[in-house]
Amino acid sequence: MNAPSTELPGLDLDRVRAYLDTRRPGLVTGPLRGEVVHGGRSNLTYVLTDGTSRWVLRRPPLGHVLATAHDMGREHRVMSALAGTAVPVPRTHVLCQDDAVIGAPFYLMEHVEGTVYRTPELTGRLDADQRHDLTRQLVDVLAELHAIDPEQVGLGDFGRPEGFLDRQVRRWSKQLAASRSRDIPGIDELAARLAAGVPRTGRTAIVHGDYRLDNVLVGPELRIDAVLDWEMATLGDPLTDLGLLAVYWEGFSGLDENPIAKGIGPEFGFPPFRDMLGRYAERSGAELSELDWYIGFGFFKIAVILEGIHYRYIHGQTVGAGFDHIGALVAPLVAQGLATLDEEV
């Protein structure tokens, strides 16, 4: 990390301090300093300190964003609700929805020490037993999340489970339409087959929406101490989390790069997804006979996301390097999605 600073992009620390002194008197005991630890098109994350304690502050990215995609209240609410459950989350301190304070909503939560395994260099430090144990934990935490009764933790109205899968297919099809710049073989067929074969949702659960290894924080004892990045959480079919995890885990194998979840999967010494699938079924008791649809949908979702990045790249709307290869990944992911719909799990 860089040295803490009193000048941060998108964050006026004096105004944050004044707000916290009003809402949580005594929480901060000295001048605030901080640093950006994660930024970009996702929510911005800062680590703040007063010289004694440390916290994490989250706010939407700079510039024009869709409020529904960067809902601070949503993240804060689900983590607050999960406090004290079997799903480890940081303790939340305060939610500010007044844009006048820093120009956008934000929330403050505890700082949890640990590592986010998002590169081959980091996962390469783990031995075989550690990779297997971390994989089991990743599955177990997901099963624990899906076992929570939303009503019991105050999240009974957190989403609209009825018609969830149909809306998901329509949503990502609209995203695709907004990013059209070229012909992608098979992508319309994949969308049509997903729409025509939507499973009947058997369960409703709290869905993380982007569950993967680099969205959890692993503590010094190599335990998952916090699940992060809840901006896409809702109530819906929990198998969408499992299907997307399958794509992150093995869907990029054999491709030139994995721009999303790097350093994971069997090629990096982690167990195959079929082992994870068996453990999830054992821990959750879920019926997985139609999981091929959910994995196919996961491929579609990621393909649309990457096509959107490619669209912004060719229109000069991306900043930095590494975007020129993204477009080449879309068609192979679509092909895998179609192949998955032809398989039986």
Lys/Arg-Asp/Glu bridge criterion (N-O < 4.0 Å) met for D229, R212: no
Criterion side chain to side chain contact (heavy atoms under 4.5 Å, CB included) on I295 and F299, from CA distance to verdict: CA-CA 6 Å; I295 297 175; F299 275 113; 3.7 Å; yes
ILVMFWY cluster, L242 and L333 together (side-chain gap under 4.5 Å): yes
Backbone N/O of H76 and side chain of W230: donor-acceptor pair under 3.5 Å: no
Nearest-0.5 Å distance that lies between atom CG in L138 and atom OH in Y117: 13.0 Å
Salt bridge flag under 4.0 Å for residues K301 and D210: no
E35 side, atom CD; L11 side, atom CG - distance, nearest 0.5 Å: 12.5 Å
For the student: nearest non-hydrogen atoms of T135 and P271, plus distance: OG1-CD, 3.2 Å
Sidechain-backbone polar pair: R167 side chain, E162 backbone, donor-acceptor under 3.5 Å: yes
Distance-only polar pair, side chains of T45 and R58, donor-acceptor under 3.5 Å: yes
Gap between atom CZ of R125 and atom OG1 of T115 - 0.5 Å precision: 7.5 Å
L108 and L48, any side-chain heavy atoms less than 4.5 Å apart: yes
Separation between CG of D12 and CD1 of I102, rounded to the nearest 0.5 Å: 8.5 Å
Heavy-atom side-chain contact between T204 and D237 under 4.5 Å: no
Joint hydrophobic cluster, L32 plus V36, side-chain heavy atoms closer than 4.5 Å: yes
Test item: L244 and I302 side chains (from C-beta on) under 4.5 Å apart, heavy atoms: yes
Separation between CD1 of I206 and CG of L145, rounded to the nearest 0.5 Å: 5.5 Å
Donor-acceptor contact present, side-chain E75 to main-chain M72, <3.5 Å: no
Contact summary for P259 and L329, nearest pair of heavy atoms: CD-CD1, 3.6 Å
Pairwise side-chain contact, E113 with R54, heavy-atom cut-off 4.5 Å (strictly under): yes
Residues, nucleotides or ligands: over 12 heavy atoms within 6.0 Å of R274 CZ: no
Set of residues satisfying salt bridge (charged side-chain N to carboxylate O under 4.0 Å, His left out) with respect to R223, sequence neighbours excluded: D133
Partner set under side-chain contact (heavy atoms from CB on, under 4.5 Å) for A205, not counting sequence neighbours: H146, P238
Residue pair L176 / F300: nearest heavy atoms and the distance that separates them: CD2-CE1, 4.3 Å
Side-chain donor or acceptor of T123 paired with backbone N/O of G263 under 3.5 Å: yes
R131 side chain to P266 backbone, donor-acceptor under 3.5 Å: no
Ring-face cation of R77 near Y107 (centre distance under 6.0 Å, axis angle within 45°): no
Same apolar cluster: I184 and L306, side chain cutoff 4.5 Å: yes
Salt bridge flag under 4.0 Å for residues R200 and E290: no
Heavy-atom side-chain proximity of Q168 to T240 below 4.5 angstrom: no
Mutual orientation of the aromatic rings belonging to Y211 and H208 [parallel < 30°, tilted 30-60°, perpendicular > 60°]: perpendicular
If you look only at distance, which donor and acceptor atoms sit under 3.5 Å apart when one is on a side chain in residues 85-95 and the other is two or more places apart or in another chain?
from: T85; atom 1: OG1; to: L82; atom 2: O; distance (Å): 2.7
from: T85; atom 1: OG1; to: V87; atom 2: N; distance (Å): 3.2
from: T92; atom 1: OG1; to: S80; atom 2: OG; distance (Å): 2.7

Main-chain N/O of G209 paired with D241 side-chain donor or acceptor, under 3.5 Å: yes
CZ (R182) with more than 12 external heavy atoms under 6.0 Å: yes
Residue pair L222 / L126, side-chain heavy-atom distance below 4.5 Å: yes
Side chain proximity check, P105 to D99, heavy atoms < 4.5 angstrom: yes
Qualifying residues under ring pair (Phe, Tyr, Trp, His ring centres under 6.0 Å), relative to F270, sequence neighbours excluded: W249
Side-chain (R59) to main-chain (F106) donor-acceptor, under 3.5 angstrom: no
Candidate pair L288 and L277, rule side chain to side chain contact (heavy atoms under 4.5 Å, CB included), full reasoning: CA-CA 9 Å; L288 304 180; L277 187 60; 3.3 Å; yes
Single-linkage hydrophobic cluster V334~V247, side-chain heavy atoms < 4.5 angstrom: yes
E287 with R203: basic N within carboxylate O range, under 4.0 Å: no
For S181, all residues meeting side-chain contact (heavy atoms from CB on, under 4.5 Å), sequence neighbours excluded: E307, H310, Y311, I314
Pair D21 + R17: basic N to acidic O under 4.0 Å: yes
Gap separating the CD atom of E110 from the CE atom of M79, nearest 0.5 angstrom: 10.0 Å
ILVMFWY network linking L291 to Y248, side-chain heavy atoms under 4.5 angstrom: yes
Stepwise side chain to side chain contact (heavy atoms under 4.5 Å, CB included) test for T234 and R74: CA-CA 9 Å; T234 188; R74 193 168 199 80; 3.3 Å; yes
Chi angles and distances behind the side chain to side chain contact (heavy atoms under 4.5 Å, CB included) call for Y46, L44: CA-CA 7 Å; Y46 311 79; L44 295 170; 3.4 Å; yes
Heavy-atom closest contact (G34 atom, L13 atom, distance): N-CD1, 4.1 Å
No-hydrogen, no-angle side-chain donor-acceptor test under 3.5 Å, D98 and Y19: no
Closest non-hydrogen atom pair between L255 and P332, with its separation: CD2-CB, 3.6 Å
Transitive ILVMFWY cluster of L217, excluding itself - 4.5 Å side-chain cut-off: V112, V116, L228
Heavy-atom pair with the smallest gap, counting every atom of L194 and W293: O-NE1, 3.0 Å
Under 3.5 Å donor-acceptor, E250 side chain and F273 backbone: yes
